[in-house]
Protein chains: 2
Amino acid sequence: MKEINLVEKVKSKKLKVTPQRVAILEAIYMLDNHPTAENIIQYIGKNYPNIAVGTVYKVLESFVDNGLLNRVKTENDVMRYDPMVENHHHLYCCESDKIENFEDPELDHLIAEHFRKKKIKNFKIKDIKLQITGIFKNK
Amino acid sequence: MKEINLVEKVKSKKLKVTPQRVAILEAIYMLDNHPTAENIIQYIGKNYPNIAVGTVYKVLESFVDNGLLNRVKTENDVMRYDPMVENHHHLYCCESDKIENFEDPELDHLIAEHFRKKKIKNFKIKDIKLQITGIFKNK
DNA sequence: ATAATTGCAAAAGCTTTGCATGGCC
DNA sequence: GGCCATGCAAAGCTTTTGCAATTAT
């Protein structure tokens, strides 16, 4: 992703554009396996040896609050970050820590129709996410 | 749940039956909102003022390893424990920490059929769980 | 100019670990 | 009796917080 787009993304949320924020956002796009804060710190450590851990967490929090990132968490796992903020599901590898995004509008429609016809008692649905666990096959 | 059933549950996994294990298992059944380790420690603290935090974590881990409990984790949350080990989904309240179990075999079948007809490329599905977020309506 | 962001370091929160003691089978 | 579980306390790891210095707008 071009630097200019990263800057625009930060600007678009009315956040101050700092080198740290741009670097962190870039790292998340480069590390495309839903990186942890630790992954991000290591990645940008090459160019920002003195970046503060606290800064990374603060920036990540502000990105989440402003809809630039989503948090992803699983059993037995630390927090991970997902730059895809549009509605989607996740494929979890049960043999590694790989997580991949998954979109299937047809399935979403199927599920929505199901719940339109058969409501859950005493519950108003806002959002449905699938956690699909399995094994990635090598091509 | 009767004490005897709790004892049987522990025995059935070939785990030694100790008062702590029985108390912890009972607590999880009584605290029916997918309790945290902290919730459990507080609950059994009445009868076991000296129960060690480490013990609770060790017992929970062994219960999970032996299929007596499942772990449940969400964004921004600590680990919680679920005594229902059969396949099911979860309803998450977006205004509180309430989590409720949800079963819908018809929906499961619908989704299974969908993926039978339309496989995910390079991925072998082992399990599908729905995270349904919304609001619990008061009756 | 000024309000927000950063770095640093300390602290907090949850969970794990090691080891001696004690309890279950 | 032997082995496993417990209690205790320390440590580990991720994340948060406070504050002074710095930086973006």
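Lettering of chains follows the sequences in order, A, B, ..., and the numbering in each one begins at 1.
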(request) To the nearest 10°, let me know how far the axis at one end of the helix from C:dA1-D:dT25 to C:dC25-D:dG1 is tilted from the axis at the other, five pairs an end. (result) 40°
(request) Rounded off to whole Å, could you give me the NZ-to-C1' distance for the B:Lys14 and D:dC3 pair? (result) 17 Å
(request) Tell me, please, the opening and closing nucleotides of DNA chain C, 5' to 3', among those with an atom under 4.0 angstrom from a non-hydrogen atom of chain B. (result)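 For DNA chain C, the relevant span reads C:dC14 to C:dC25.
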(request) Decide, yes or no, whether a salt bridge links B:Lys58 with B:Glu61 under the criterion of side-chain N to carboxylate O below 4.0 Å. (result)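 The answer is no: the pair does not qualify as a salt bridge.
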(message) When you measure from the side-chain N and O atoms of A:Gln20 to the phosphate of D:dT23, is any distance below 4.0 Å, counting only OP1 and OP2?
(response) no
(message) Here's a test of your reading of the structure: between B:Arg80 and A:Pro19, which maps to the more 5' nucleotide of DNA chain C?
(response)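 Nearer the 5' end of the strand: A:Pro19.
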(request) Take B:Thr18 and A:Lys16, find for each the nucleotide of DNA chain C with the closest heavy atom, and name the residue whose nucleotide sits nearer the 5' end. (result) A:Lys16
If you compare all heavy atoms of [X] against all heavy atoms of [Y], which two are closest, and at what distance to 0.1 Å?
X       : Y        : value
B:Val85 : B:Gly67  : CG1-O, 3.4 Å
A:Cys94 : B:Lys126 : SG-CG, 4.3 Å
A:Lys73 : A:Tyr92  : O-OH, 4.1 Å
B:Asp82 : B:His90  : OD2-NE2, 3.0 Å

(message) For A:Phe63, is there any backbone N or O sitting under 3.5 Å from a side-chain donor or acceptor partner on A:Arg21?
(response)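 No, because the side chain of A:Arg21 does not come within donor-acceptor range (under 3.5 Å) of the backbone of A:Phe63.
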(message) Checking the side chain of A:Asn33 only, and the main-chain atoms of A:Ile99 only, is there a donor and an acceptor separated by less than 3.5 Å?
(response)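 Yes; judged by distance alone, with no hydrogens or angles, the pair exists.
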(message) Would you say that more than 12 heavy atoms from the other residues, nucleotides or ligands in this model lie under 6.0 Å from the NZ of A:Lys14, or not?
(response) no
(request) Describe, in one word, how the ring planes of A:Phe136 and B:Phe123 are oriented to each other, choosing from parallel (under 30°), tilted (30 to 60°) and perpendicular (over 60°). (result) perpendicular
(request) Indicate whether any N or O donor in one side chain lies under 3.5 Å from an N or O acceptor in the other, for B:Asn39 and B:His34. (result) no
(request) Please list, by residue number, the residues of residues 53-63 of chain B whose heavy atoms come closer than 4.0 Å to an atom of DNA chain D; answer none if no residue qualifies. (result)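 Only B:Thr55, B:Lys58, B:Val59 qualify.
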